[in-house]
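Some notes on the structure that comes next.
Per chain, numbering begins at 1; letters A, B, ... match sequence-line order.
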Amino acid sequence: VGLSVIAVVDSVPGVISEEHVMPNAAESPLATYLSHLKRGELGYQFSPSLGHAVFYPRVIAPKTGAADLEWRVSKGLGTVHATTVVHPQQGGPYNVCLVDVDEGFRMMSRIEDIAPTAVKIGMRVRFRVHAPEGDEDPYPVFTAAEGAV
Amino acid sequence: MSGVTRGGVAIVGAAESDLGAVAALMSPIDLMAQGIRRALDDAGLTLADVDGLFCATTQARTSAMSLVEYLGLPNAYTDSTIVGGSSFEVHVAHAHAALEAGLCSVAVIAYGSTQRTVGRRAASAREFNPYETPYRPFLPATAYAMAASRHMHEYGTTREQMAAVAVAAREWALLNPAAWEKKPLTIADVLNARPISDPFTVRDICLVTDGGGAIVLVKADRARHLKHTPVYVLGTGQSITHASITSMPVLTHTGAIESGAQAYRAAGVKASEVNVVALYDAFTINTILFLEDLGFCPKGEGGRFVEGGRITPKGSLAVNTNGGGLSYCHPGMYGLFLLIEAVRQLRGQCGARQVGGAALAVVHGNGGVLSAQATTILGGPATV
């Protein structure tokens, strides 16, 4: 009565056996995405367990939770899903839109080389990398892709 | 949600803090405290009775901690869940469960914001999102604008129909002495105002004001012995479909479809029985989307539904009777004010804007960029 029971274990307390130590990830999903962009590619992930593309890039697939995300490179064609023209208090108006990329994922972007008001829902568009300035990371933009189906 | 009793708790106190442009150097917690004091007075309770604190503000990272310290209530049960403007409808659901589980006996839900005084950027700093920030979306307006672009594209919703939402809100606001806006508004005024993010002009977008407030909840048996007619919580629902607009599953179909279905099921009522409607109108498209998603008209018909003054004080459906976020008050997370107005309508305290025979209210909060939807169904004594 009154004695504590102390569990005795073989291993040294505080030390986890080596097979249970998970190595840190070598690269974050965002870093992989940016290195694709630096090569001029639009990288995205595909999850076999989910059965479709995943965007933005993650460490596990949504819904299934599987760590089965494979990196793929888009062909770079898409369709404008939604669009707006932002009117800032300083500077000219500019486009912001959502693009449905053909491989089955949606991303925010803008359509360049045409007036922001000329961007329409349903317009076919083609990816290109926005050239970074200074320390800025590259990011994907799109241009009108006349005739692309 | 199951496990709670329909009508098991009631709102027994409700009050705004100072609104509009508050005194210099007032803090968000000052406004919470002011609202709590007024709401407790309204309920006939005192601070010493309070043992549950639910709160949210964008201006204090640990707002429950700040509020506990300010009020001197170290043993209070706390919950500072924050999902944007619908946080307070979520708090009602959490308070309902906490009261019934005996975790607290007098629950206060509070909000405070000084965003007009300190500026929107200081009050609610945007997090950097590497997949969105480079495109300079003017958030949250740009996100709602893109949802509006889809609604116009798919259903033929017009600029004039969206403007009719702003005009109706203004007509209600002119009946509310506490409303920020004091002058009439026309459809032409909305269309010709300064463009912000197409299709929206500044008149399609909620106000930028200071403000706060509080509501008080207790279990139904106690509520019946307090000052006012209890306003019972009949049902709640919640659905968070995304955080950023890029991940919204369908831009014309909000989580209100699911949160509303949950709340209607719990309350055992349907939209056709509701006579007070409080919808989070951060943008004119919101009112149209939520009227559809909560069953007041079919999907895609929201624009046509609001034509002809249907949701004005002279119309057939009383929507946003305080003047809404568009014309009454919008300190950044507006959801608490929906609850305060619904309580007043169900008590019959609304004077010139009182809805005749108000008995059943749908309160619908919206957070983020159409992200966090939370529905609360409230009713007077005849509904329990």
Strictly less than 4.5 Å between heavy atoms, which residues of [range] line up against chain B? Please order them by number.
range                       : value
residues 81-92 of chain A   : A/His81, A/Ala82, A/Thr83, A/Thr84, A/Val85, A/Val86, A/His87, A/Gln89
residues 103-116 of chain A : A/Arg106, A/Met107, A/Met108, A/Ser109, A/Arg110
residues 43-57 of chain A   : A/Phe55, A/Tyr56, A/Pro57

For this session: Determine whether B/Ile257 and B/His253 make a side-chain contact, defined as any pair of heavy atoms from C-beta on separated by less than 4.5 Å.
Result: yes

Exercise. Do B/Leu294 and B/Leu279 have side chains that get closer than 4.5 Å, going by heavy atoms?
Worked result: yes

For the backbone of [Y] and the side chain of [X], can you confirm whether one donor and one acceptor N or O come within less than 3.5 Å of each other?
X        : Y        : answer
B/Thr209 : B/Gly20  : no
B/Thr133 : B/Pro130 : no
B/Asn129 : B/Tyr131 : yes

Exercise. Parallel, tilted or perpendicular for A/Tyr139 and A/His130, by the 30°/60° rule?
Worked result: parallel

For this session: Determine, step by step, whether B/Gln59 and B/Thr114 satisfy the side chain to side chain donor-acceptor pair (under 3.5 Å) criterion, reporting the C-alpha distance in whole Å, the side-chain angles of both residues, the deciding distance to 0.1 Å, and the verdict.
Result: CA-CA 8 Å; B/Gln59 290 172 260; B/Thr114 58; 2.8 Å; yes

For this session: Verify the distance criterion only: is there a donor paired with an acceptor across the side chains of B/Asn366 and B/Tyr144 at less than 3.5 Å?
Result: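 B/Asn366 vs B/Tyr144: donor-acceptor pair found between side chains.
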
Problem set entry | Carboxylate-amine/guanidinium proximity below 4.0 Å for B/Glu301 and B/Arg304 |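 Looking at B/Glu301 and B/Arg304, the cut-off is met.
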
Exercise. Does a salt bridge link B/Asp189 with B/Arg170, judged by any charged N lying under 4.0 Å from a carboxylate O?
Worked result: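 Salt bridge: no.
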
Exercise. Can the ring centres of B/Trp180 and B/His330 be said to be less than 6.0 Å apart?
Worked result: no

Exercise. By a 4.5 Å heavy-atom criterion (distance strictly below it), what part of B/Met248 contacts chain A: side chain, backbone, both, or neither?
Worked result: backbone

Problem set entry | Ring-face cation of B/Arg120 near B/Phe138 (centre distance under 6.0 Å, axis angle within 45°) |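 Judged by the rule, B/Arg120 and B/Phe138 form a cation-pi pair.
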
Problem set entry | Lys NZ or Arg CZ of B/Arg136 over A/Tyr94 ring: under 6.0 Å, within 45° |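 Geometry flag: set, cation within 6.0 Å and 45°.
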
For this session: First locate atom OG1 of B/Thr252, then atom CD1 of B/Ile288, and finally report the distance between them rounded to the nearest 0.5 Å.
Result: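 If we round to the nearest 0.5 Å, B/Thr252:OG1 and B/Ile288:CD1 are 12.5 Å apart.
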
Exercise. Which residues from residues 190-206 of chain B are near chain A, with near meaning under 4.5 Å between non-hydrogen atoms?
Worked result: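 The stretch touches chain A at B/Arg194, B/Pro195, B/Ile196, B/Ser197, B/Asp198.
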
